Amino acid sequence: MRKVNLDRAFSGLCVVAGLGIGLIGGLQGARAATENCADSGIVPQIKIEVLPGTVRLIPGVARDDVVGYRVDEQGNPLPVPDDEGQPGTLKTIGLTNAHFTNTYSYSVQSDPGKGGVWCSSVTKLVFSLGYVSQEVYIPREYAPGSCEYRAVHDHEMEHVKANQQTLADHLDRIHALAQSALMANQPYEVKTKEAIAEAAKVRLAETLSGVLADFEADRAGRNATLDSEDNYQAISDQCDNW
């Protein structure tokens with residue numbers, strides 16, 4: 001009855017008003033200005049859009065098939081707990097498969113700097129993220145309306161709520177960190193007016209990946225708590241016909 005996140009897609013969509021490709025220097029480290037570019041003073045507008053997503057209940061799946069869906073991020077099978085919470089004979093089992101994704105778009109302002117370079121700053125970032133879908137699998141061995149069905153269903157819905165609540169709890173921090181990271185690294189000093197697309201893309205990818213790291217760790221921790229041995233045993237103890 002453990003939750004596994006099988007499908008995480010991280011992508012960047014560049015919508016640039018200003019232009020793109022070719023850095024003068026590395027993008028490592030924070031800076032508010034460069035030798036050739038003054039601090040732009042631009043505070044980027046950050047908009048967070050949470051995808052609505054859907055929750056799909058998928059009953060009638062064979063327990064062996066549910067076990068087959070239980071893989072880690074590298075596709076390796078996860079152990080199946082028995083009624084004592086240890087790897088072994090299949091007893092109570094269900095699965096919530098959460099498909100998380102994030103995309104972003106941004107616009108920039110580019111101005112000529114010293115030495116023939118361009119000084120570009122991100123003016124707006126639209127960050128869309130969330131669960132495209134969450135699929136709850138309940139084996140057909142647990143008849144609808146039975147104690148076992150209800151126990152599995154209720155437990156998997158706790159995973160669904162944990163995923164949604166974790167994201168909601170991190171939105172303010174995601175917003176604040178994305179804005180502060182962008183401001184700390186502006187302006188981007190680029191060789192050509194066409195250079196900002198790649199420069200901003202690299203920095204945004206680094207920034208947003210880092211912003212999501214704590215969220216992912218928190219989400220994993222909450223789901224692991226739901227699948228603790230004690231909690232698993234308590235769920236198993238609810239019913240007699242596993």
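Fair warning: this is a prediction, and the values are worked out from it, not measured in the lab.
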Using the rule that Ile, Leu, Val, Met, Phe, Trp and Tyr join whenever any side-chain heavy atoms are under 4.5 Å apart, tell me whether Val152 and Met157 fall into a single cluster. yes
Considering only heavy atoms from C-beta outward, does the side chain of Ile58 approach that of Ile138 to under 4.5 Å? no
Nearest-0.5 Å distance that lies between atom CD1 in Ile174 and atom CG in Leu167: 6.0 Å
Return the minimal non-hydrogen interatomic distance between Gln186 and Pro44, and the atom names on each side. NE2-CD, 4.1 Å
Decide whether Glu156 and Thr96 meet the rule of one side-chain donor and one side-chain acceptor closer than 3.5 Å. yes
Spacing of CZ belonging to Arg222 relative to CG belonging to Asp227, to within rounding of 0.5 Å: 15.0 Å
Side chains of Tyr188 and Val122, heavy atoms from C-beta outward: is any pair under 4.5 Å? yes
State plainly whether one hydrophobic cluster holds both Val211 and Leu51, where clusters connect Ile, Leu, Val, Met, Phe, Trp and Tyr through side-chain heavy atoms under 4.5 angstrom apart. no
Side chain to side chain contact (heavy atoms under 4.5 Å, CB included) for Phe100 and Val132? Distances and angles first, verdict last. CA-CA 6 Å; Phe100 182 86; Val132 177; over 6 Å; no
Is there a side-chain contact between Asn102 and Glu49 (heavy atoms, below 4.5 Å)? no
Heavy atoms, side chains only, cut-off 4.5 Å: are Val108 and Ser121 in contact? no
Heavy atoms of Gly41 and Asp39 approach each other most closely as N-OD1, 3.0 Å
Any side-chain heavy atom of Leu125 sitting closer than 4.5 Å to one from Gln45? no
So OG of Ser133 and CZ of Arg56: to nearest 0.5 Å the spacing works out to 6.5 Å
Please collect all ring pair (Phe, Tyr, Trp, His ring centres under 6.0 Å) contacts where either partner lies in residues 42-65, sequence neighbours excluded, each pair once. none
Taking all non-hydrogen atoms of both residues, which atom of Gln238 and which atom of Ala151 are closest, and how far apart? OE1-CB, 3.6 Å
Value rounded to 0.5 Å, distance of CG in Asn223 from OG1 in Thr166: 7.0 Å
Judged by modelled atom types alone, do Thr123 and Ser107 share a side-chain donor-acceptor pair under 3.5 Å? yes
How far apart are the C-alpha atoms of Arg219 and Glu216, what are their side-chain angles, what is the distance that settles it, and do they pass the salt bridge (charged side-chain N to carboxylate O under 4.0 Å, His left out) test? CA-CA 5 Å; Arg219 184 203 62 76; Glu216 174 60 19; 2.7 Å; yes
Parallel under 30°, tilted from 30 to 60°, perpendicular over 60°: which one fits the rings of Tyr104 and Phe127? perpendicular
Kindly give the heavy-atom pair with the smallest separation between Leu208 and Ala178, and that separation in Å. CD2-CB, 4.2 Å
Any heavy-atom pair between the side chains of Val126 and Thr103 that's under 4.5 Å? no
Take Gln109 and Asp111 through the test side chain to side chain donor-acceptor pair (under 3.5 Å) and record every step on the way to the result. CA-CA 7 Å; Gln109 174 180 308; Asp111 300 301; 3.0 Å; yes
Backbone of Thr225 reached by a side-chain donor or acceptor of Ser228 within 3.5 Å: yes
Indicate yes or no: at least one non-hydrogen side-chain atom of Leu182 is less than 4.5 angstrom from one of Ile46. yes
Residue Glu35 excluded, over 12 heavy atoms near CD under 6.0 Å: no
Donor-acceptor contact present, side-chain Ser180 to main-chain Ala176, <3.5 Å: yes
Stepwise side chain to side chain contact (heavy atoms under 4.5 Å, CB included) test for Ile48 and Leu129: CA-CA 8 Å; Ile48 306 293; Leu129 73 169; 3.6 Å; yes
Side chains of Asn163 and Gln134, donor plus acceptor under 3.5 Å: yes
Glu148 side chain to Asn241 main-chain N or O, any donor-acceptor pair under 3.5 Å? yes
Would you indicate whether the side-chain heavy atoms of Pro187 and Trp118 approach each other to under 4.5 Å? no
Describe, in one word, how the ring planes of His159 and His155 are oriented to each other, choosing from parallel (under 30°), tilted (30 to 60°) and perpendicular (over 60°). perpendicular
Interatomic distance, CD@Gln165 vs NE2@His170, rounded to 0.5 Å, equals 10.0 Å
Those residues at least two apart in sequence (or on a different chain) that pass side chain to side chain contact (heavy atoms under 4.5 Å, CB included) with Arg173 are Leu177, Asp214
Would you compute the distance between atom OH of Tyr131 and atom OG1 of Thr101 and round it to the nearest 0.5 angstrom? 11.5 Å
Using only heavy-atom distances, determine whether the side chains of Tyr137 and Glu135 contain a donor-acceptor pair under 3.5 Å. yes
Could you please spell out the steps behind the side chain to side chain contact (heavy atoms under 4.5 Å, CB included) verdict for Val117 and Thr192? CA-CA 6 Å; Val117 304; Thr192 68; over 6 Å; no
